[in-house]
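In what follows, a structure is listed as structure tokens, so that the remarks can point back to it.
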Amino acid sequence: MTHNGPIVLIEDDKDDALTLEEALKELNVDNDLVYFPNTILALKYLSETTEQPFLIICDINMPFKNGLDFKREIDSIPELKKKCIPFIFYSTSANPEDVNKAFLQMTIQGFFKKATTYKQILDDITAIIAYWKKSKHPNCY
């Protein structure tokens with residue numbers, strides 16, 4: 001992980017994606033944002049890019065392949081797993097079954113329920129970005 005790599009956002013709700021993009025800009029996050037409306041396109045990007053992404057933010061309820069299946073697929077591809085990209089879920093769906101699957105069956109680093117106000121979104125994104133900017137990680141050296 002490089003602290004300067006792009007943030008990969010996988011979100012099928014265009015309004016939510018735009019809100020997160022606006023929040024990142026307002027917070028002066030200097031990482032590029034790479035946005036995908038589905039997991040198929042995101043996996044293609046992750047498999048082909050030579051960049052080391054800083055963070056993946058993914059919704060759970062996605063068309064074609066949901067976020068849980070997407071993360072399982074990332075974990076099953078040795079080249080992607082080796083990149084050790086921090087992966088968090090940011091979703092309106094935060095039922096206990098999905099949270100347990102995410103933490104017990106795969107390697108994720110966070111599961112957040114989408115905030116309902118812009119102020120709360122700013123607070124969430126501030127905490128997430130600050131944590132990962134400070135965190136040591138296998139690919140951040």
Side-chain angles (χ1 to χ4, degrees), residues 1-77 79-141:
M1 172 182 86
T2 175
H3 291 119
N4 298 319
I7 295 170
V8 178
L9 174 63
I10 303 109
E11 173 60 67
D12 64 326
D13 184 312
K14 187 68 172 169
D15 289 336
D16 286 354
L18 289 171
T19 299
L20 285 171
E21 181 178 15
E22 183 180 317
L24 289 165
K25 284 179 185 174
E26 184 171 328
L27 295 169
N28 297 314
V29 175
D30 57 359
N31 300 72
D32 288 336
L33 179 66
V34 183
Y35 163 71
F36 299 97
N38 65 61
T39 57
I40 305 296
L41 294 173
L43 186 62
K44 182 176 180 356
Y45 166 79
L46 291 170
S47 297
E48 295 175 356
T49 188
T50 57
E51 293 183 292
Q52 177 65 39
F54 168 61
L55 176 67
I56 296 172
I57 301 172
C58 185
D59 193 0
I60 287 278
N61 300 313
M62 298 294 298
F64 309 116
K65 184 180 293 186
N66 70 35
L68 292 167
D69 290 338
F70 172 63
K71 180 56 173 144
R72 279 189 198 97
E73 188 163 6
I74 288 173
D75 287 349
S76 74
I77 300 171
E79 295 81 19
L80 291 181
K81 188 169 183 170
K82 185 178 178 181
K83 286 186 175 186
C84 299
I85 306 165
F87 189 106
I88 66 160
F89 285 115
Y90 195 67
S91 184
T92 54
S93 173
N95 71 57
E97 183 179 339
D98 286 345
V99 173
N100 284 333
K101 283 180 187 176
F103 280 101
L104 298 175
Q105 296 177 11
M106 58 198 74
T107 57
I108 70 153
Q109 288 71 42
F111 199 123
F112 300 86
K113 185 167 177 139
K114 283 183 185 173
T116 56
T117 69
Y118 187 68
K119 167 76 169 91
Q120 290 170 327
I121 292 169
L122 288 173
D123 290 347
D124 288 350
I125 297 301
T126 297
I128 291 165
I129 298 297
Y131 176 86
W132 286 109
K133 289 279 184 178
K134 288 184 178 231
S135 179
K136 298 298 180 211
H137 205 266
N139 292 319
C140 72
Y141 298 100

Note, [X] side chain near [Y] side chain (heavy atom, < 4.5 Å):
X: Glu22; Y: Tyr118; result: yes
X: Asp59; Y: Lys114; result: yes
X: Leu46; Y: Ile85; result: yes
X: Ile56; Y: Ile74; result: yes
X: Gln52; Y: Asn4; result: no

* Run the side-chain contact (heavy atoms from CB on, under 4.5 Å) check on Thr49 and Lys83 step by step: do they pass? -> CA-CA 11 Å; Thr49 188; Lys83 286 186 175 186; 3.9 Å; yes
* Asked: For Ser76, does its backbone N or O pair with a side-chain atom of Lys81 as donor and acceptor, under 3.5 Å?
  ->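 Such a contact is absent between Lys81 side chain and Ser76 backbone.
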* To do: Could you tell me which residues satisfy salt bridge (charged side-chain N to carboxylate O under 4.0 Å, His left out) with Asp123, sequence neighbours excluded, listed by chain and number?
  =>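 For Asp123, the residues satisfying salt bridge (charged side-chain N to carboxylate O under 4.0 Å, His left out) (neighbours in sequence not counted) are Lys119.
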Atom of [X], atom of [Y] and distance for their closest heavy-atom approach:
X: Val8; Y: Pro53; answer: CG2-CB, 3.9 Å
X: Asn66; Y: Leu68; answer: OD1-N, 3.0 Å
X: Ile125; Y: Leu20; answer: CD1-CD2, 3.7 Å
X: Tyr90; Y: Lys113; answer: CE1-O, 4.0 Å
X: Glu51; Y: Tyr45; answer: OE1-OH, 3.0 Å
X: Gly67; Y: Cys58; answer: CA-SG, 4.0 Å

Spacing of [X] atom [atom1] and [Y] atom [atom2] [to the nearest 0.5 Å]:
X: Leu9; Y: Leu18; atom1: CG; atom2: CG; answer: 9.5 Å
X: Ile128; Y: Phe112; atom1: CD1; atom2: CZ; answer: 4.0 Å
X: Ile121; Y: Thr126; atom1: CD1; atom2: OG1; answer: 11.5 Å
X: Gln109; Y: Tyr131; atom1: CD; atom2: OH; answer: 8.5 Å
X: Phe89; Y: Phe70; atom1: CZ; atom2: CZ; answer: 8.5 Å
X: Lys133; Y: Asp30; atom1: NZ; atom2: CG; answer: 5.0 Å

* Go through the steps to decide whether Leu80 and Leu43 satisfy the test side-chain contact (heavy atoms from CB on, under 4.5 Å), and finish with yes or no. => CA-CA 9 Å; Leu80 291 181; Leu43 186 62; 3.7 Å; yes
* **side-chain contact (heavy atoms from CB on, under 4.5 Å) against Ser93, all qualifying residues, sequence neighbours excluded** =>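 Applying side-chain contact (heavy atoms from CB on, under 4.5 Å) to Ser93 gives Asn61, Ser91, Asn95, Asp98.
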* **Salt-bridge contact Lys25-Glu21 (side-chain N to carboxylate O under 4.0 Å)** =>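 Looking at Glu21 together with Lys25, the answer is yes, because their closest N to O distance falls below 4.0 Å.
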Give every donor-acceptor pair under 3.5 Å between a side-chain atom in residues 99-106 and any protein atom, sequence neighbours left out.
residue : atom : partner : partner atom : Å
Asn100  : ND2  : Pro96   : O            : 3.3
Lys101  : NZ   : Glu97   : OE2          : 3.2
Gln105  : OE1  : Arg72   : NH2          : 3.0

* Should Ile7 and Ile129 be marked as a side-chain contact (heavy atoms from CB on, under 4.5 Å) after you check the CA-CA gap, both sets of side-chain angles, and the distance that decides it? -> CA-CA 10 Å; Ile7 295 170; Ile129 298 297; 3.7 Å; yes
